[in-house]
Number of protein chains: 2
Amino acid sequence: MPDAIPAFRPDRLGKDVLAELPAYDLIELFFFAYRDFVSDPDRILDEYGFGRAHHRVLHFVDRQPGLTIAELLDILKITKQSLNRVLKELIEKDFIESRTGTSDRRQRLLFATAQGHDLALKLAKLQTRRIMRALSELDPDGKKHVSGYLLRLIDPDDRAHVERLVFGDGKT
Amino acid sequence: MPDAIPAFRPDRLGKDVLAELPAYDLIELFFFAYRDFVSDPDRILDEYGFGRAHHRVLHFVDRQPGLTIAELLDILKITKQSLNRVLKELIEKDFIESRTGTSDRRQRLLFATAQGHDLALKLAKLQTRRIMRALSELDPDGKKHVSGYLLRLIDPDDRAHVERLVFGDGKT
DNA sequence: GAGATATGTCAACAAGGCTGACATAAAATT
DNA sequence: AATTTTATGTCAGCCTTGTTGACATATCTC
């Protein structure tokens with residue numbers, strides 16, 4: 001008779017044991033889920049000649065009217081050259097407007113135009129449909145679990161920043 | 001006195017109402033969480049001269065020894081030309097081995113080498129650490145909620161396929 | 001006035017997607 | 001046996017979106 005396998009005791013898991021058991025299920029589900037999630041807007045973006053990079057910029061500008069370049073760079077974590085390429089197109093095609101800052105005239109404050117807002121909303125609704133479909137089959141407090149989990153996946157140093165951005169900081 | 005705001009009744013939400021209320025929180029949390037999640041392995045991959053595309057290929061080959069090219073293309077949903085570019089490098093650097101199929105000699109069966117398996121495991125453990133940290137602060141059944149949610153985010157047509165792939169199909 | 005800061009821009013490069021066309025070997029069909 | 005289909009490989013070129021490095025301009029701060 002083989003040796004008994006010790007009972008699984010999550011409360012006793014040390015770092016060493018965790019390291020032995022890769023969470024393949026969550027790793028892979030996250031990959032597939034994200035792939036499908038971001039692919040929803042693609043067809044619509046295509047009609048406008050935009051890509052996913054444009055979507056991300058438009059999304060955050062629409063959500064945070066008056067965002068500065070520096071703030072946007074901090075959110076997206078890309079270089080200003082990469083940002084500028086897509087931002088320039090969004091401005092030229094009149095989806096985003098750039099105004100000179102009032103208190104600091106070096107800054108550029110970004111705003112979605114009416115057209116930009118419409119597109120951002122259209123894409124957000126599309127993704128929301130998928131999210132709601134997935135949430136609908138969960139417990140009533142399933143959403144709390146999911147958003148808590150996603151939040152804690154984020155780097156601890158960024159977490160407070162993201163929380164403010166996502167849930168609002170009381171100023172708005 | 002303004003009109004009373006109707007109580008939020010998720011059980012009564014029709015498609016129209018859902019569409020009016022974009023789930024900005026989950027959309028953004030998903031974006032930030034996925035960004036940090038996939039960035040973990042980057043530094044290690046860099047040491048080997050590999051990128052994220054190599055990681056994905058190595059991961060699935062390691063998880064499903066004997067995978068064919070066609071099956072891998074179906075999982076990754078990229079073109080064979082894109083796959084071949086990274087797969088060729090993984091084979092040349094001896095992280096993956098390609099054997100001619102036995103029942104069908106047109107097929108190539110892919111296997112991770114010892115070196116390839118070690119790298120795949122190292123990267124999976126790294127991502128698992130982040131996942132476990134995020135799960136650890138959830139209810140005991142938080143993991144069920146999360147994996148159920150992620151699974152239902154996936155396109156319905158793919159869901160059964162992914163389930164088999166992630167949770168096993170009983171054959172292995 | 002000098003230096004720091006916010007932004008813009010040019011040029012070049014890399015990763016990793018894509019399309020289209022064509023090649024080969026092996027299996028399946030007729 | 002000949003033909004067609006299938007699984008894979010490969011060449012060439014293009015696109016998006018990221019990167020680095022260098023330099024320019026306007027404005028704010030000291």
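First the proteins, then the strands, lettered A, B, ... as listed; each starts at 1. For clarity, every value in this text was computed on a predicted model and none was experimentally measured.
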*Asks:* Taking 4.0 Å as the cut-off, does a side-chain nitrogen or oxygen of Ser82(A) come that near to OP1 or OP2 on dT19(D)?
*Replies:*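 Looking at the OP1 and OP2 atoms of dT19(D), one of them is under 4.0 Å from a side-chain N or O of Ser82(A).
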*Asks:* Could you tell me whether Tyr149(B) and Tyr149(A) have their ring centroids closer than 6.0 angstrom?
*Replies:*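 Tyr149(B) vs Tyr149(A): aromatic centres not under 6.0 Å.
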*Asks:* In whole Å, what is the span from the CZ atom of Arg35(A) to the P atom of dG17(C)?
*Replies:*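 Computing the Arg35(A):CZ to dG17(C):P distance gives 12 Å.
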*Asks:* Is the centre of the Phe60(A) ring less than 6.0 Å from the centre of the Phe32(B) ring?
*Replies:*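 When the ring centroids of Phe60(A) and Phe32(B) are compared, they turn out to be within the sub-6.0 Å range.
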*Asks:* Within the structure shown, what part of the strands sits under 4.0 Å from Arg85(A) by heavy-atom distance: base, sugar-phosphate, or nothing?
*Replies:*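 If one applies the 4.0 Å heavy-atom cut-off, Arg85(A) turns out to touch a base.
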*Asks:* Distance under 6.0 Å and angle within 45° of the ring axis: does Arg99(B) meet both against Phe111(B)?
*Replies:*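 Output yes; distance and angle both within limits.
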*Asks:* Please confirm whether any donor atom in the side chain of Arg108(B) sits under 3.5 Å from an acceptor in the base of dG9(D), or the reverse.
*Replies:*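 Result: no qualifying N/O pair found.
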*Asks:* Do Lys143(B) and Asp25(A) touch side chain to side chain, with heavy atoms closer than 4.5 Å?
*Replies:*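 Side-chain contact under 4.5 Å: yes.
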*Asks:* Would Asp139(A) and Lys144(A) count as a salt bridge (charged side-chain N to carboxylate O under 4.0 Å, His left out) here? Give the steps.
*Replies:* CA-CA 10 Å; Asp139(A) 286 6; Lys144(A) 253 181 298 180; over 6 Å; no
*Asks:* Using a 4.0 Å heavy-atom cut-off, write out nucleotides 25-30 of chain C from 5' to 3' as B (base contacted by protein), S (sugar-phosphate only) or - (no contact).
*Replies:* -BS---
*Asks:* With Arg56(A) as the cation and Phe31(B) as the aromatic partner, state whether NZ or CZ is under 6.0 Å from the six-membered ring centre and within 45° of the axis.
*Replies:*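 The answer is no, since Arg56(A) fails at least one limit relative to Phe31(B).
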*Asks:* Mind calculating the distance between CG (Leu90(A)) and P (dT17(D)) to the nearest angstrom?
*Replies:*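 In whole Å, dT17(D) P and Leu90(A) CG are 10 Å from each other.
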*Asks:* Can you confirm if the aromatic rings of Phe30(A) and Phe30(B) lie within a centre distance of less than 6.0 Å?
*Replies:*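 Ring centres of Phe30(A) and Phe30(B) closer than 6.0 Å.
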*Asks:* Which of these nucleotides, dG8(C), dT19(C), dG16(C), is closest to any side-chain atom of Asn84(A)?
*Replies:*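 The closest nucleotide is dG8(C).
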*Asks:* Separation of Leu73(B) atom CG from dT10(D) atom P, in whole Å?
*Replies:*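 Rounding to the nearest Å, CG of Leu73(B) and P of dT10(D) are 14 Å apart.
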*Asks:* Distance check needed: dT9(C) P versus Leu87(A) CG, whole Å only.
*Replies:*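 Nearest whole value for this atom pair: 10 Å.
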*Asks:* CZ of Arg152(B) to OG of Ser136(A): how many Å apart, nearest 0.5 Å?
*Replies:*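 Taking CZ in Arg152(B) and OG in Ser136(A), the distance rounds to 8.0 Å.
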*Asks:* Restricting to nitrogen or oxygen on both sides, can you table the protein-nucleotides 20-23 of chain C pairs closer than 3.5 Å?
*Replies:*
| residue | atom | partner | partner atom | Å |
| --- | --- | --- | --- | --- |
| dG20(C) | O6 | Gln81(B) | NE2 | 2.7 |

*Asks:* Taking only N and O in the side chain of Thr79(A), is any of them less than 4.0 Å away from OP1 or OP2 of dT19(D)?
*Replies:*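 Yes, Thr79(A) has a side-chain N/O under 4.0 Å of OP1/OP2 on dT19(D).
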*Asks:* Can you measure from CG (Leu150(A)) to CG (Leu150(B)) and round to the nearest 0.5 angstrom?
*Replies:*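 Between Leu150(A) CG and Leu150(B) CG, I get 7.5 Å after rounding to 0.5 Å.
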*Asks:* Kindly calculate the angle separating the two end axes of the helix from dG1(C)-dC30(D) to dT30(C)-dA1(D), each obtained from five base pairs, and round it to 10 degrees.
*Replies:*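 Nearest ten degrees gives 20° for this helix.
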*Asks:* First locate atom CZ of Phe50(A), then atom NE2 of His55(A), and finally report the distance between them rounded to the nearest 0.5 Å.
*Replies:*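 Rounded to the nearest 0.5 Å, the CZ-NE2 separation comes to 11.5 Å.
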*Asks:* Consider the side chain of Ala70(B), meaning its heavy atoms from C-beta on, and name the nucleotide among dT8(D), dA6(C), dT17(D) that approaches it most closely.
*Replies:*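 For the Ala70(B) side chain, the nearest candidate turns out to be dT8(D).
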*Asks:* Once you round it to whole Å, what is the distance between C1' of dG9(D) and CD of Gln107(B)?
*Replies:*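 In whole Å, dG9(D) C1' lies 15 Å from Gln107(B) CD.
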*Asks:* Would you say Leu153(B) and Leu29(A) make side-chain contact, with heavy atoms under 4.5 Å?
*Replies:*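 Not touching, per the 4.5 Å side-chain cut-off.
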*Asks:* Expressed as a whole number of angstroms, how long is the span from Asp42(A):CG to dT17(D):P?
*Replies:*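 Between P of dT17(D) and CG of Asp42(A): 10 Å.
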*Asks:* Starting from P on dA26(D), measure out to CZ on Arg99(A) and report it in whole angstrom.
*Replies:*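 It works out to 23 Å between those atoms.
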*Asks:* Round to a whole Å and report the spacing from OH of Tyr48(B) to P of dA15(C).
*Replies:*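 Atom-to-atom, Tyr48(B) to dA15(C), this comes out as 18 Å.
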*Asks:* Counting only heavy atoms not in Arg105(A), do more than 12 sit closer than 6.0 Å to its CZ atom?
*Replies:*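 Result for CZ/Arg105(A): open.
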*Asks:* Compare side-chain N and O positions of His54(A) against OP1 and OP2 of dT16(D) and report whether any pair is under 4.0 Å apart.
*Replies:*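 So the side-chain polar atoms of His54(A) never come under 4.0 Å of the phosphate oxygens OP1 or OP2 of dT16(D).
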